[in-house]
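Just so it is clear, the values below take in all heavy atoms, side chains as well, and ignore hydrogens, waters and symmetry mates.
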Amino acid sequence: MGYDLQMHQKMLAVAVLASALALPAIPAVAQTGGTRTGTISGRIVLKGPAPANPIIRMGADPMCGRMNPGKRPVQEIVIAGAGGGLANAFVHVTGAVPAGAGTAQQGVLAQKHCIYAPRGIGVRAGQPLSIRNDDNLMHNVHGISNKGQEFNVSQPKAGMVYKATLQKEEVMVHVKCDVHSWMNAYIGVVPHSLYAVSDGAGAFTIANVPPGRRTVSVWHERYGELTGTVDVKAGQTATLELSYPGATKTAAAHVRELVVPAEEIGRAHV
């Protein structure tokens with residue numbers, strides 16, 4: 001009987017396939033990393049009574065006043081919901097965590113109806129933050145930094161966007177408008193994406209946190225800083241509640257109302 005090359009090739013292919021099927025399956029975690037990290041979820045709480053926020057006198061610029069008819073906007077320095085949940089607190093993981101850890105987040109700081117929104121925002125160091133003018137009037141974006149990361153740009157019309165790229169860790173960079181000095185916002189810059197800003201109920205969630213004993217730091221413009229620790233386990237959610245007693249720890253970060261001569265406002269809108 002002669003040598004059958006085609007039959008030999010078929011038998012070889014069957015043997016290779018059988019060997020492959022006999023190999024142990026690769027665990028799903030090795031492919032996706034889905035259970036190698038955990039989540040921190042919790043609340044920031046104000047125990048004492050919330051103080052009244054100062055009213056913004058939008059009439060200092062008639063164009064801003066027309067954007068807010070029938071409203072009495074206030075400086076949202078202290079926003080406390082049901083049960084004392086404190087909004088606009090910047091929450092972030094500190095200590096030895098890998099640079100770039102966490103879930104990447106796209107940051108946008110808008111100027112709408114002559115107010116910055118949101119009042120507090122986070123960004124990973126080196127990641128551009130978009131600062132956008134939604135108002136068809138002159139705004140000025142002035143970032144004040146203690147680490148040499150200042151910026152100062154004008155946005156005279158709606159649709160303009162400035163990309164602020166902050167390279168150094170800093171909690172916080174204060175952003176104001178030199179035309180409307182009641183406009184204030186705060187940017188937390190950290191070396192990773194393990195951060196969040198508490199919502200109207202004081203709640204926050206930080207996903208994809210490396211397991212281990214983690215230190216969580218909180219910054220609020222009126223009440224200063226808090227820290228706490230939590231044990232993070234892979235594939236699980238660790239809960240944490242941190243409370244401010246209600247006594248003011250820091251100044252209101254130079255928040256003040258604007259009094260601008262009418263002729264200066266007119267020049268800004270030319």
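Of the possible polar contacts, one joining the Asn133 side chain to the Asp135 backbone as a donor-acceptor pair under 3.5 Å is found.
The shortest heavy-atom contact between Ile144 and Val173 is O-CG1, 3.6 Å. For the residue pair Gly200 and Ala87, the shortest heavy atom distance occurs at CA-CB, 3.9 Å.
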Output, in order, the C-alpha distance, side-chain angles, deciding distance and verdict of side chain to side chain contact (heavy atoms under 4.5 Å, CB included) for Val97 and Arg214.
CA-CA 9 Å; Val97 293; Arg214 297 298 173 195; 3.3 Å; yes
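Contacts classified as disulfide bond (SG atoms under 2.5 Å apart) and involving residues 145-185 (residues at least two apart or in different chains) are not found. For residues 232-241, the set of pairs meeting the side chain to side chain donor-acceptor pair (under 3.5 Å) definition, not counting sequence neighbours, is empty. Each side chain to side chain donor-acceptor pair (under 3.5 Å) pair with one or both residues in residues 87-109, not counting sequence neighbours, appears once here: Thr103-Asn208. Residue pairs meeting the disulfide bond (SG atoms under 2.5 Å apart) criterion with at least one partner in residues 122-173, sequence neighbours excluded, do not occur; the list is empty. The stretch residues 159-169 participates, sequence neighbours left out, in these side chain to side chain donor-acceptor pair (under 3.5 Å) pairs: Ser130-Lys163. The list of disulfide bond (SG atoms under 2.5 Å apart) pairs with a residue in residues 102-143, not counting sequence neighbours, reads Cys64-Cys114. Sorted by first then second residue, the ring-ring contact (aromatic ring centres under 6.0 Å, His included) pairs that include residues 109-130, not counting sequence neighbours, number zero.
With sequence neighbours excluded, no residue forms a salt bridge (charged side-chain N to carboxylate O under 4.0 Å, His left out) with Arg124. Residues passing the side-chain hydrogen bond (donor to acceptor under 3.5 Å, both in side chains) test with Arg43, sequence neighbours excluded: none. With sequence neighbours excluded, no residue satisfies side-chain hydrogen bond (donor to acceptor under 3.5 Å, both in side chains) with Asn68. For Gln155, the side-chain hydrogen bond (donor to acceptor under 3.5 Å, both in side chains) partners at least two apart in sequence or on another chain are Gln111. Asp231 pairs by the side-chain hydrogen bond (donor to acceptor under 3.5 Å, both in side chains) definition with Arg213, not counting sequence neighbours.
Residue-environment remark: CG (Asp134) exceeds the threshold of 12 foreign heavy atoms within 6.0 Å. Lys47 NZ: 12 or fewer foreign heavy atoms inside a 6.0 Å radius.
Side-chain contact between Tyr244 and Ile44 is present, with heavy atoms from C-beta onward closer than 4.5 Å. At a threshold of 4.5 Å between non-hydrogen side-chain atoms, the residues Ile206 and Tyr195 do not count as touching. Put simply, the side chain of Met58 reaches to within 4.5 Å of the side chain of Trp182, judged on heavy atoms.
Tyr186 and His174 have parallel rings, their planes meeting at less than 30° on a 0 to 90° scale where 60° marks the start of perpendicular.
Under a hydrophobic-cluster definition in which Ile, Leu, Val, Met, Phe, Trp and Tyr are linked whenever side-chain heavy atoms come within less than 4.5 Å, directly or via other members, Ile187 and Val153 are assigned to the same cluster. By the criterion of side-chain heavy atoms lying less than 4.5 angstrom apart, applied directly or through intervening Ile, Leu, Val, Met, Phe, Trp or Tyr residues, Ile121 is not grouped with Ile79; the two fall into different hydrophobic clusters.
A distance of 7.5 Å separates CZ of Phe151 from CG of Leu129, quoted to the nearest 0.5 Å.
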